[in-house]
Trainee: 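Can you read through this structure? Questions will come right after.
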Amino acid sequence: MMDPSTIHRQSGSVALAVLLSLVSTVIVGGMLYYTLKRYEVAQALQVAQVEQAAREQQAVATGRLFAQAGSAVIRTDPAAIQSVLSGGLPTKQLLDAVVVNQDDVIIAAQDRSRIGQRLQDQALGSQRTAKREAIASAADGARTLTVLEPLT
């Protein structure tokens with residue numbers, strides 16, 4: 001038969017072992033949760049960036065297609081460009097489309113009330129020299145993509 005003090009010491013050692021095991025499980029579980037959560041956040045950010053890049057590429061492609069088709073139409077029937085813009089944009093991600101002349105005066109627009117107004121866009125100057133699209137921030141802080149394609 002065992003001495004009661006030995007039994008007490010052994011039960012104390014078992015309780016300590018169980019407590020240490022429980023604490024280490026909680027710590028490892030917390031670290032695993034933290035790691036997986038960070039991975040999830042990084043994945044969500046990456047998906048958002050890919051979606052934004054896809055929207056930007058769609059806007060660029062639409063602008064280029066419109067410019068290529070528009071260059072032929074503007075020589076033969078300038079009013080046709082206005083009727084295309086008035087009929088709506090080809091994709092719902094595009095908020096607006098305008099055609100401007102070399103002086104940045106709007107000559108065709110989805111919203112006809114804008115025709116004749118000067119387009120005030122800081123990105124236009126850099127786009128004309130770079131001959132490519134640029135990303136700028138709107139007055140309200142929203143990100144916008146301005147695509148400048150010359151009608152050649």
Trainee: Supply the atom-to-atom distance I27 CD1 to L32 CG, rounded to the nearest 0.5 angstrom.
Mentor: 13.5 Å

Trainee: Can you tell me how far the CZ atom of R114 sits from the CD1 atom of I106, to the nearest 0.5 Å?
Mentor: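 Output value for this atom pair is 4.0 Å.
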
Trainee: Sequence neighbours excluded, which residues qualify as salt bridge (charged side-chain N to carboxylate O under 4.0 Å, His left out) partners of R112?
Mentor: none

Trainee: Say you draw a straight line from OH of Y39 to CD of Q46; how long is it, rounded to the nearest 0.5 Å?
Mentor: 8.0 Å

Trainee: Kindly compute the distance separating CD (Q57) from CD (Q52), expressed to the nearest 0.5 Å.
Mentor: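 Going from CD on Q57 over to CD on Q52, the span is 11.0 Å.
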
Trainee: Tell me the closest heavy-atom pair linking S21 and S24, and the distance in Å.
Mentor: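 Minimum heavy-atom contact is O-OG, 3.0 Å.
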
Trainee: Taking a hydrophobic cluster as the set of Ile, Leu, Val, Met, Phe, Trp and Tyr residues connected by side-chain heavy atoms closer than 4.5 Å, whether directly or through intermediates, do V28 and L19 fall within one such cluster?
Mentor: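 Unlinked, V28 and L19 end up in two clusters.
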
Trainee: Hey, does the side chain of T35 reach the backbone of M31 with a donor-acceptor pair shorter than 3.5 angstrom?
Mentor: yes

Trainee: Got a second to check how far L36's CG is from Q43's CD, nearest 0.5 Å?
Mentor: 11.5 Å

